[in-house]
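In what follows, a single structure is set out as C-alpha cells and then discussed.
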Amino acid sequence: MSDASELPKKEEKEEEVTPEPEEQSDDSSGEEATGDTEMDFLRNLFSSTLGLGSADKVLDELTLDAVARYINSGKCKNIICMVGAGISTSAGIPDFRSPGTGLYANLQKYDLPYPEAIFQIDYFKKHPEPFFALAKELYPGQFKPTICHYFMKLLKDKGHLRRCYTQNIDTLERVAGLEGEDLIEAHGTFYTSHCVSFCCRKEYNLDWMKDKIFSDDIPRCDKCKSLVKPDIVFFGENLPVRFFTSMKMDFPCCDLLIVMGTSLQVQPFAGLVGRVSKSCPRLLINMEKAGQADPLFGLLGFGGGMDFDSDKAYRDVAHISTCDEGCLALAELLGWKEELEELVKQEHARIDSQDKKEKASGSKGAAAKASSASVAPEPEKEE
Ligand SMILES: [Zn+2]
C-alpha cells in the first residue's frame, strides 16, 4: 500500500534506524503544528483529488523563467529540493538500488540467490560479504558532486533552502557542503554506520568504515563483535525516523518544491510532492515527466499528483533535461550562473588536490578527508 496518509502511524516504532535528536530550531513551532499539519494534508488530499478548494496562482506562467522571477521576488524563502539518482549520474555513480540500471547485471560474481538479496537486511546479516565487496567497488567519495549538487549549496548560501530530501546514499550532498540539518537522507547514508545488534548500536564514522571496506575486512563491532552496517536503508528496514518528523514541519511551509533526477516511483518518498500547500509551485527537472496523478487510482494514489499540461494546470513546471543542464539554465535566469560555475570549479579543484595529497600519504580515508573541509564532523550536533 502506498497511501501517503499512512506515513505518520509508522514513526514511533522506527527508532532503530537512526536514533538522532530532532532539530531543536524547529521544535517550538513544530510540536503544536503537527496536528494541524495532518489536517491540512488530509484537506489538501481530498480537495485536490476532488477538485475542491481554491489555490492561489503564484507563477504568472508555467515556465522556468517564471520560477526564476518567483525565486528572485523575495516571496520564496523556503525551497525544498527532492532529489534522486538522476542528480548523481553525471558524477559517474550508478543507480545503487533500482533494478534495470546495469548494476544488478554485474552482481553474478557474488553468487546471490537473486540480485536484490544484496540489499536485503536478512540476507546481509547471514552473508555480509557480497555487500561489502560491492561497497568497495562503488565506494562513495571516489566521485565529485555535480553542478546540481552545488546549485543546492547556492540555494543554501543565499538563504532559500529549507531542506533537501534525497534518495541517494552517495553522500555527495554533504561533499558539496550541505550539512546534517539541511538534509533528509531518506534512504540513509554511508556517512555513518552502526552495530546491527539492537542492544549495542555503537556508531562508527566514515573513516572507520572505509578502512574496513578497503582492507577487505568484514566490519565487526569493537564492543560486541556483531556486524557493523553503513546507515543505508536496506530492503526490509524502515526509513529514518527523521524523514517522518521533518516532513511534517517542512512541507506545509514550503514556498517552492524543486524535484530533480527522480521518477517519483518509490514510496513513501514520491508521496511528498502532495504534501505542499495547493498554492506551492512545483518544478520538475528530469529526463522525463514524472509524478503525474494516476487516473486509475484516484483517491488511492498519492494526493496532489503533478499536472504540467492539462487545462487546469496552474503551478507545476516540467523542465525536461539533465539535472545539471536544468540547474545551469535556472542559475542563468537567476543571475547566478557565473557564481555557480566558479563554485564548481573551485570545489572540484579542492577535491582533486586533497585526493592527490591523500594518495601521496597512503590511501587511508582519502574520500572522507576530501569532503571534510566542507562537512561538519558531527552532522547531527545542534548548536
Ligand atoms: Zn556492537
Side-chain angles (χ1 to χ4, degrees), residues 10-23 96-97 110-113 116-141 166-171 173-175 179-181 183-246 362-369 371-372 375-382:
K10 287 184 176 176
E11 68 199 53
E12 280 92 21
K13 54 184 176 195
E14 292 171 2
E15 294 288 346
E16 73 267 19
V17 180
T18 24
E20 328 170 315
E22 283 190 33
E23 301 200 13
F96 207 85
R97 302 204 327 169
Y110 300 123
D111 206 19
L112 299 161
E116 290 84 358
I118 199 163
F119 297 120
Q120 238 142 26
I121 190 65
D122 293 339
Y123 183 83
F124 171 81
K125 285 179 178 168
K126 282 178 221 136
H127 309 282
E129 300 82 7
F131 171 77
F132 285 111
L134 183 69
K136 185 178 178 182
E137 219 172 291
L138 298 177
Y139 192 82
T166 181
Q167 295 176 279
N168 300 341
I169 55 168
D170 53 39
T171 73
E173 296 88 0
R174 290 179 190 260
V175 180
E179 291 170 47
E181 74 252 34
L183 276 174
I184 303 296
E185 289 154 321
H187 294 168
T189 176
F190 259 91
Y191 197 73
T192 49
S193 297
H194 282 87
C195 171
V196 299
S197 160
F198 289 120
C199 26
C200 175
R201 299 295 296 152
K202 185 174 174 188
E203 183 171 318
Y204 293 86
N205 66 21
L206 190 61
D207 274 344
W208 186 91
M209 180 53 77
K210 191 182 180 192
D211 270 357
K212 298 285 177 194
I213 289 175
F214 279 82
S215 53
D216 296 314
D217 269 354
I218 296 302
R220 300 240 166 231
C221 180
D222 303 339
K223 231 165 103 188
C224 74
K225 301 291 166 220
S226 299
L227 278 171
V228 178
K229 182 183 85 60
D231 291 343
I232 62 175
V233 178
F234 276 44
F235 297 124
E237 283 190 306
N238 295 311
L239 266 57
V241 67
R242 200 163 152 260
F243 173 87
F244 299 101
T245 51
S246 291
S363 64
K364 273 191 176 180
K369 284 175 191 133
S371 61
S372 64
V375 175
E378 288 177 71
E380 308 308 340
K381 205 171 135 192
E382 299 294 330

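Both counts, for ligands and for their atoms, begin at 1 and track the order of listing.
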### Query
Side chains of Arg174 and Glu185: closer than 4.5 Å at any heavy-atom pair?
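Yes, side chains in contact.
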### Query
Any ion pair linking Arg242 and Glu181 (charged N to carboxylate O, less than 4.0 Å)?
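Here Glu181 does not pair with Arg242 in a salt bridge, since their nearest N and O are not under 4.0 Å apart.
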#### Entry: Phe132 ring center near Tyr110 ring center (under 6.0 Å)
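Not under 6.0 Å, so no.
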### Query
Using the benzene-type ring in the case of Trp, are the ring centres of Phe131 and Tyr123 under 6.0 Å apart?
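Not close enough - the centres of the two rings lie 6.0 Å or further apart.
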### Task
Give a yes or no answer on whether the side chain of Arg201 reaches the backbone of Cys195 with a donor-acceptor pair at less than 3.5 Å.
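Confirmed, Arg201 side chain pairs with Cys195 backbone.
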### Query
How many protein N, O or S atoms are found at a distance of less than 2.8 Å from the Zn ion (ligand 1)?
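The number of such protein atoms is 4.
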### Polar side chain donor-acceptor pair, Thr192 to Asp231, under 3.5 angstrom
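Yes, a side-chain donor-acceptor pair sits under 3.5 Å.
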